[in-house]
Amino acid sequence: MMDAPVLRVAAITKSYHLQTSLASRLSRNENGHTSLRALDGVDLQLNKGEILALVGESGSGKSTLAKILVGGTTPTSGELEYHGEPMPAHRDKDASRRIQMVFQDPYSSLNPRISVGAMLKELLLLHKIVPRGEVRAESVRLLNLVGLEEDALQAYPSQFSGGQRQRIAIARALAVRPDILIADEPVSALDVSVQATILDLFASLQRELGLSILFVAHNLAVVQHLSQRVAVMYLGRIVEVAETSELFSNPRHPYTRALIDSIPRMTAESVNEEFVLEGEPPSPFNVPAGCRFNPRCPYAKDVCRATDPGLEPVAAGHQSACIRAAELPDHSIALSISATRKATA
Amino acid sequence: MTQPLLSVKSLTIGVRRPKGVDTIIVDDLSFEIQRGERFGIVGESGSGKSLTLRAIADLLPAGVEILTGSIRYDGVELVGMPTPARRRLMGPEIAMIFQEPMTALNPVIRVGEQIAEGPRRYLGLSKRDAMKLAIEMMAKTGIPDPVRRARAYPHELSGGLRQRIMIAMALSCGPKLLLCDEPTTALDVTVQHQVLRVLEQLCADSGASLAFVTHDLAVVNQTCSDLAVMYAGHIVESGRVKDVFRDPRHPYTKGLLDSAPDFDQPERELVPIPGFPPNLAARPSGCPFAPRCAFAVEACTVAMPPTVVVAPGHAAACIESQSIFEGVAA
Amino acid sequence: MTTPTAALVSFKQRHRAVGSRTIKAWYRNGSLMAGIIIVGMLVLVAVLAPILAPYDPIAQHLTNALESPSAAHWLGTDKFGRDVLSRLIWGAQVDLRVGFLAVLIPFVIGSVLGAIAGYFGGWLDTVLMRIVDIFFAFPFYVMVIVLVFVFGSGEASIYIAIAAVSWVSYARIVRGEVLIAKKQDYVVAARLGGMSHARILTKHIGPNVLSQAIIYAMSDIVMDIMAIVTLGYLGLGINPPTAEWGSMINDGQEFITTQWQQATIPGLVVVVTSLGLSLLGDGLSDLLSPERRK
């Protein structure tokens, strides 16, 4: 029996209605639809103490979902439960404290005119985390936690590098003692050599503070390294969820396979020369009928154009939204090659 | 062996300060690109990789200039060449693709006409023939329905299509050298895969050489045959991609490889490179990587280590390259 | 985690570099220095008017009327025999005071309304911006002149008229800046931190958006001084016999052929004042713009 999820969403949708401008009607813009479904029935749960990766391409709705989870925007419909209790649409100070966010761009996420110390102090006092006399000690503790020293307190964001800024942003999120962190592509704006230190930091926060982390990302190599479970999003839906090793060794949705085969590899031998995914992600203004992946799917049949499949279990803890999930051939090109390479090395 | 297509010698790029010391961004850089070679330049932000590419394309930002050195294209010296002659090379001889195609495309001209402009000017094609070529190029880059898409404006296309338009435009005059500045960084992973394929295929077909700047080691591995690793304005290691990846001889290259997650080795621990790249204004004497280097010895801080050939076609600027090979830290 | 020590070293290097660069930027910022010097001297003259001015600016000596410049009266006397130099010096006090005060009121009103409209959006924003559009549709001078007519000439009605007309510029500038700032992740982060809208607007957004309004205010002071001068010239400004540059130009123009300095010198002073304030605004925009802080 597993613990109750710390966060659970069910059937979440988010639509945006856009005003059609005269100009777009005149220019016969093919995308001139008026309503956009960024999220179209999302079910997902975050378990206690895990890092769950949410992967998908731009337009898949992963950032919208992250925003809904932290209360930055309200869903059009659907349920959001925190520790089994419904989360109110408008969160009070204490409710918003529990789910914190780390943003992608560490340059826009820190206020250029507020020093690190003042930023932490404001949060600590507002939420009465520690008595006034202990604010400084607590701020230093937070900075040390993210690998920065005391002297950062007096400094302003412009005095730090991108990686250091991301550490400060993480310290800010931790200041109010949340139990869930939503990290929206937190390393994609950083240099390669710095990325590793921030990934390590997330892993240690999970390990040492028992935080539950939803890690939104597009880099599957990063995801594979860091997370315990992975959810794959495509055009506003979760199309596959599984434990990380299971998902990468036995992907049961053609889109997941396409993602895996697209990853640029560090070793020439494991490049899948055969694979090319046709087409581009369709726009969320214009979701295809039937399975939303069918126009690009090499396995699509007539039935795929007729039914819109939901997530169904394919193995223990493994769900896929492909009606042909059981019929898909084995996906083992890349991994078998890397296994042979290891054997010969 | 014929002469290389592009030969960069002792190139130094920086900001000239009449009073005081010039700020050097790219320092004494030398490399060659052979005909048909796909040459990757890898480095992190601030390493000078993009400026090097822009120097070749004569697109250095205002204030930044080539201080010394030479860039020879097909035997012709580009540094100091009069601007009109230089401009005539761009298009039919050298072309460039940027990271964000939206900034490189004219928003108010249909993409077909933008592609056709080069062939009309440089190949002397008629308007009709140039448009035919443009549509042909668009089809070659895998743009579906090119006849209709040629009439689109840049904002009506997705990022992946725009980057294909840029590739079609760059290759329309049949250049011999294609400069790419992080051309797929802004794209989704499946689209990146497609675009890299197209780029590789078209260069192979036309025999064009590729100079490919990126921060992504895996992209270099898939796209390039040779590479140079840049750190703080220096090339610290260069060679065949497969040699360098298998047997890195500079601690920075090794650090980059160890810190990047490898999809084929999920169990491998990521080892970050400690510290930060040096400030351009306060560059340490000696090897710029020495302060972050686990292999550093005293001599490293005295003078920039010479570039030594460690194996045929494989060079590293590190005095400890042998102990890195043997895997022992000093 | 193995990085903190290295991070610390590098951070201190950056820290020093930034600090010294800010101070140097002050010196290197030529237009700011020039602006400060010009405006500073004008303010000094205005403040020290009682000491600097050789004569009483409103005392009439009809027997000495329209004298040419001499050792006693460096710039001569006007048609009432008043010392032109003394009137010029006292005029600095009036024009600068009215200029600065006339900017302060619309600055506050406009910034507050613009910030609220930009931050909350919705119908409030729509209504407020329509009102702003309506105000913008009327030429500045027409509005000011009409309002001064309605309220009667005098310093108070100048403040009211200018405030009523120019708050819209501040509202528009601050609204635009707030629209940009509120999309920044640090504002979202502040919301997630459980902070109230009022707190976010004043503490987190405010300091980031006011610099543009402050820069605009510098050029607006120039506009307002010009307006006062124009009103003075039209006989709608500060009531006579108070010394004021506009009315001096107006009074002096009858004698432009014989006593050219009476109108020309106050005119030149207005130009220099405008120049000083423009330079100050320019320099401030260099100093306050966030790009430079990187």
Side-chain angles (χ1 to χ4, degrees), chain A residues 27 29-31 55-60 161-164 190-200 203 218-226 244-245 248 255 258-272 275-281 283 296 334-335 337-339 341-342, chain B residues 42-47 142 144 152-153 155-161 184-194 196-198 214-223 241-242 245-246 252 255-277 292:
Chain A
S27 68
N29 190 328
E30 64 189 281
N31 294 331
V55 301
E57 297 180 90
S58 51
S60 64
S161 69
Q164 290 171 317
L190 304 177
D191 268 327
V192 186
S193 68
V194 183
Q195 278 184 12
T197 66
I198 301 294
L199 293 176
D200 274 1
H218 70 273
N219 184 337
L220 291 185
V222 164
V223 163
Q224 184 196 38
H225 185 80
L226 184 68
T244 307
S245 56
F248 289 125
Y255 178 63
L259 278 183
I260 293 173
D261 287 339
S262 303
I263 303 170
R265 301 295 170 85
M266 303 279 275
T267 31
E269 294 86 357
S270 66
V271 175
N272 183 352
F275 162 80
V276 180
L277 180 66
E278 294 298 324
E280 300 202 22
S283 114
R296 300 172 75 194
L335 287 161
I337 290 167
S338 79
R341 189 172 50 80
K342 266 179 201 161
Chain B
V42 184
E44 299 183 275
S45 47
S47 62
Y153 291 97
H155 72 268
E156 295 173 322
L157 302 175
S158 69
L161 286 183
T184 59
T185 305
L187 303 178
D188 278 320
V189 55
T190 58
V191 182
Q192 161 171 293
H193 186 84
Q194 297 164 351
L196 289 178
R197 282 292 186 102
V198 164
T214 180
H215 67 275
D216 192 332
L217 291 164
V219 166
V220 168
N221 181 44
Q222 296 213 311
T223 313
V241 170
K242 60 180 195 312
F245 272 56
R246 190 186 307 132
Y252 178 66
L256 273 185
L257 287 165
D258 289 346
S259 65
D262 179 354
F263 190 79
D264 296 313
Q265 299 182 56
E267 304 304 321
R268 201 199 66 199
E269 189 122 349
L270 302 189
V271 186
I273 304 176
F276 295 90
R292 306 171 69 186

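These numbers come from the heavy atoms of this one structure, side chains and all, not from hydrogens, waters or symmetry mates. In the text below, chain A, chain B and the rest are named by the order of the sequence lines, each starting its count at 1.
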A.B. asks: With a 4.5 Å limit on heavy-atom distance, are the side chains of B:L217 and A:M266 in contact?
C.D. replies: yes
A.B. asks: Side chains of B:V189 and A:L220: closer than 4.5 Å at any heavy-atom pair?
C.D. replies: no
A.B. asks: Below 4.5 Å from any heavy atom of chain B, which atoms of A:L199 appear? Answer side chain, backbone, both or neither.
C.D. replies: side chain
A.B. asks: How far does OG1 of B:T190 sit from CG of A:D261, to the nearest 0.5 angstrom?
C.D. replies: 11.5 Å
A.B. asks: Roughly how far, to the nearest 0.5 Å, is CD1 of B:I273 from CG of A:D191?
C.D. replies: 9.5 Å
A.B. asks: Grab the two heavy atoms, one from B:P272 and one from A:D200, that are nearest each other, plus how far apart they are.
C.D. replies: CG-OD2, 3.9 Å
A.B. asks: Look up atom CG in B:L270 and atom CD1 in A:I198, then write down how far apart they are to the nearest 0.5 Å.
C.D. replies: 12.5 Å
A.B. asks: How long is the gap from OG on A:S193 to NE2 on B:H215, to the nearest 0.5 Å?
C.D. replies: 11.0 Å
A.B. asks: To the nearest 0.5 Å, tell me how far B:Q265 CD sits from A:H225 NE2.
C.D. replies: 11.5 Å
A.B. asks: For the residue pair B:D264 and A:R265, what are the closest heavy atoms and their distance?
C.D. replies: OD1-NH1, 3.1 Å
A.B. asks: Quick one, A:V192 and B:S259 - any side-chain contact, counting heavy atoms below 4.5 Å?
C.D. replies: yes
A.B. asks: Which atoms of B:L196 come close to chain A, meaning under 4.5 Å heavy atom to heavy atom: side chain ones, backbone ones, both, or neither?
C.D. replies: neither
